[in-house]
Amino acid sequence: MVTGMLIDERWRVAQRVDKIGRGSRWTGVDEAMAGRPIFLTVFPEGPLVDRVLLANQQVSAVMDARFCRVVDGKRTADFGYVVNERVDGSVGLPQLLAAGPLTDPEVAWVSREVAAALATIHRQGRYHCRLSPSVISVTPAGDIRIVGLGIDRALTPRASDSDIADDQLAMDIAGCGGLLYACATATWPGSPIPGLAATPLVDGGMPEAALINPGVGHDLNRLIRQVLDASAPGHSDSAQRLADQLDNFLGDRHPAASLAERVSQLQAQAAAQARAAAKAAETSAQLFGGVAPLGRSTSSSGHSSQLPPGKQVMDGLIHRPRIVPPVPVAAVGSGAAAAMAAGVAAMGNTAGVAASSLGAAGSMAEGSLVSAVDPTVLIPLDDSTASALASYDSSGRLLQSTVMPSDQPSLIGLSRPDDQPSSAPDFDHTEALAQGDESVHRAAAVAPSVNKPWDGQPTGQADPLADDDADQPSPDEPPAAPPRHASGSVKRLHPSVLPDAGGIWSKVSLVVLVLLVLALISAIVIGLNYASAPPAPPASTPAPTPTTYPIVAAAVFDPNADGGDAAENDADSGLAFDGDVTTAWHTELYPANYIPQRKPGVGMWFSLAGPQAVDQVTIDSQQLPATVSIWVPVSGEGAPAEADWPAGIGNWTKVAETTLAAPQSTIRFDQVETKAVLVYFTGLADLGDTSFQGDLAEVSIAGD
């Protein structure tokens, strides 16, 4: 799912706002209804789709205006989706809390509206059970909207889920308590949620709201404690009772207007940031000759997709390029230019190669610039391009946003007006020739000077490739300036300092002869030493590179014999070895100590093409830390048949165990020949909301 994607020729995807289990929630628009704002919840194809769509149908008749009305719900060939209405200009509650806690009346107002809405559906026998700031938005009028009724619970099944009304009511009341606490402290009492940090613990427990935010009044702090602690006196045992308590706290206060002001300010900030980003993109396009700004890519469908700042899609991979201004081109011959261009192509067309390999002399064409974004792009050196370069320092930082006027002095030594002296001394050809350097003499004869005045016209030096007549200065033009010494004084070339060509060649022949004799003597000495030297020890054999064995199939491992239900998000098992670490198979959500007290573990076993010598398993995982063990089928006399391997952990032998503490871990063990490997979680990661889970983003099996 990407920004700009069009679903069923109607629903245009805009921005992701939340992740719900294997699904995700996005903002978007309904193009069939003149761009009406919507929420779009998307989830992968599989058994999950039927469960979510059924839950969506069951809540579609809820008429309370505080719940985002269901608009549509369907399945496609690849995924399912649910569409809810969204109020134009509304802001997610986590975005609002990112600026800090709400005032006491605002906290009570938001929570009272949510509690009253829950009381309505509770009377109909329905419950949300997944209440958090992520499902709540505030409209420009300061009203409350709730999304995710029914479908969020279907998307995130938990082992603690119950169909008993009292249990579901308790979950909603606890959700209201968490909402009160979050609005008062701008933290969430659990694991972090998008846009909201987790509450810091004090002495291993959750502190009272007034300790996190001293501005919380005594009455509100007591009410929050009563809602969160089921054993506290005055605990609210229903959503309606909580709504009444918050009504009494509010009295005549009606803080919807102050909430509306917060929303207005946030929208104004977002609009200002959007304008600044657009202006930066426009400036970047001007400076870099139309090259797309970094951090933004355009899909083949024409819709641009946003990436995190500083990232850029190139050749199907995500890179984080170093932004540097265009590199000034030094003049070289056409042959050198072609060689350098070929070198860039061979090394890979990246900005880093262009900067490090070419440097200030990285030329492909005289009077051009190499683009820092793509070294194969040549930007003509005209006044506007040269002026733009003045806005950058050597590290690529923008010094000024205005374009430098064309009458300003030279840019980093690229060229200068005649009336502006160069800061670097001219090379003294006369001095070199006086020392008898023939190579310098020849270079001076065939390579014209490349310094040009600001208008790009030649300075008057002779061009050996031009017509003979062109070499003669016009009667109206002053003679070409003689070469200058480094000190600035004029030093004229006298015929007496020119070396004799014949003498030089005689000396060169003598030097070559001497070098040949020395080379012959050296070869004889080396040969004698080699013959008398002891034989060299044999070169050490490099360590063999492990062979990664292809996984041909995988299946979840949750046997009934071990206390499981023989199913564990089976539809997602292929995500554990699909070559993409951004997708993962997840265990179900478990309460604390369910593993190993209720069952020894849960995991997935992988089949290889045949028996292989295996001694290591590499695991990519995001939910950390988690304890995992590696098992292979029992072998030898009396070993179970392959068909019995999934029947229980007793049919497997453990070969290693470790704690996954990093996104990628390699587990090594004594080599064993096997055609199957079981990755078995015996301890799951704590998600912070009394639930535990493990995941396998990518598994690879190898052996030396």
Quick one: does [X]'s side chain have a donor or acceptor within less than 3.5 Å of a partner on [Y]'s backbone?
X	Y	value
Thr659	Ala661	no
Asp562	Gly564	no
Thr587	Gly694	yes
Asn569	His586	yes
Thr3	Ala14	yes
Arg153	Cys129	no

Quiz item: Is the distance between the ring centroids of Tyr594 and Phe692 under 6.0 Å?
Solution: no

Do [X] and [Y] meet the criterion of a side-chain donor-acceptor pair at a distance under 3.5 Å?
X	Y	answer
Asp695	Ser621	yes
Ser24	Arg16	no
Tyr549	Lys675	no
Thr547	Asp704	no

Exercise. Could you check Thr41 against Asn84 for side-chain hydrogen bond (donor to acceptor under 3.5 Å, both in side chains), going step by step and ending with a plain yes or no?
Key: CA-CA 8 Å; Thr41 307; Asn84 293 90; 4.8 Å; no

Any chance you could measure [X], atom [atom1], to [Y], atom [atom2], to the nearest 0.5 Å?
X	Y	atom1	atom2	result
Thr658	Ile619	OG1	CD1	8.5 Å
Asp580	Asp620	CG	CG	10.5 Å
Glu673	Gln671	CD	CD	8.5 Å
Leu155	Phe43	CG	CZ	6.0 Å
Ile20	Ser132	CD1	OG	9.5 Å
Leu196	Ser134	CG	OG	7.5 Å

Practice problem: Show your reasoning for whether side-chain hydrogen bond (donor to acceptor under 3.5 Å, both in side chains) applies to Thr666 and Thr618. | Solution: CA-CA 4 Å; Thr666 298; Thr618 300; 3.1 Å; yes

Practice problem: Mind running side-chain contact (heavy atoms from CB on, under 4.5 Å) on Val634 and Trp645 for me, showing each step along the way? | Solution: CA-CA 9 Å; Val634 172; Trp645 291 350; over 6 Å; no

Quiz item: Is any NZ, NE, NH1 or NH2 atom of the basic residue among Glu588 and Arg158 found under 4.0 Å from an Asp or Glu carboxylate oxygen of the other?
Solution: no

Quiz prompt | Residues Asp172, Arg130; criterion salt bridge (charged side-chain N to carboxylate O under 4.0 Å, His left out); working and verdict | solution = CA-CA 7 Å; Asp172 275 355; Arg130 297 294 186 268; over 6 Å; no

Self-check item: Trace of the side-chain hydrogen bond (donor to acceptor under 3.5 Å, both in side chains) decision for Trp605 with Ser607
Solution: CA-CA 7 Å; Trp605 64 286; Ser607 295; over 6 Å; no

Self-check item: Evaluation steps, ring-ring contact (aromatic ring centres under 6.0 Å, His included), between Tyr680 and Phe557
Solution: CA-CA 8 Å; Tyr680 197 57; Phe557 188 85; 5.8 Å; yes

Report yes if the side chains of [X] and [Y] come closer than 4.5 Å at any heavy-atom pair, otherwise no.
X	Y	result
Leu687	Gln623	yes
Ile649	Leu678	yes
Glu657	Ile630	no
Ile701	Leu608	yes
Phe577	Leu575	no
Pro207	Thr199	yes
Trp188	Leu97	no
Asp50	Leu54	no

Practice problem: Go through Thr76 and Asp78 one step at a time and tell me if the side-chain hydrogen bond (donor to acceptor under 3.5 Å, both in side chains) criterion holds. | Solution: CA-CA 5 Å; Thr76 69; Asp78 302 315; 5.4 Å; no

Closest non-hydrogen atom pair between [X] and [Y], with its separation:
X	Y	result
Ala55	Ile151	CB-N, 4.4 Å
Ile595	Phe681	CG2-O, 4.2 Å
Phe669	Gln616	CZ-N, 3.6 Å
Leu228	Gly177	CD2-C, 3.4 Å
Trp631	Lys654	CE3-N, 3.3 Å
Ser573	Val556	CB-CG1, 4.5 Å

Self-check item: Step-by-step side-chain contact (heavy atoms from CB on, under 4.5 Å) determination, Arg25 to Val147
Solution: CA-CA 10 Å; Arg25 179 163 293 125; Val147 72; 3.9 Å; yes

Quiz item: Is there a side-chain contact (heavy atoms from CB on, under 4.5 Å) between Asp18 and Ile193 once you walk through the steps?
Solution: CA-CA 9 Å; Asp18 197 11; Ile193 61 176; over 6 Å; no

Self-check item: Residues, nucleotides or ligands: over 12 heavy atoms within 6.0 Å of Arg598 CZ
Solution: no

Quiz prompt | side-chain contact (heavy atoms from CB on, under 4.5 Å) evaluation trace for Tyr127 with Leu149 | solution = CA-CA 8 Å; Tyr127 302 87; Leu149 178 60; over 6 Å; no

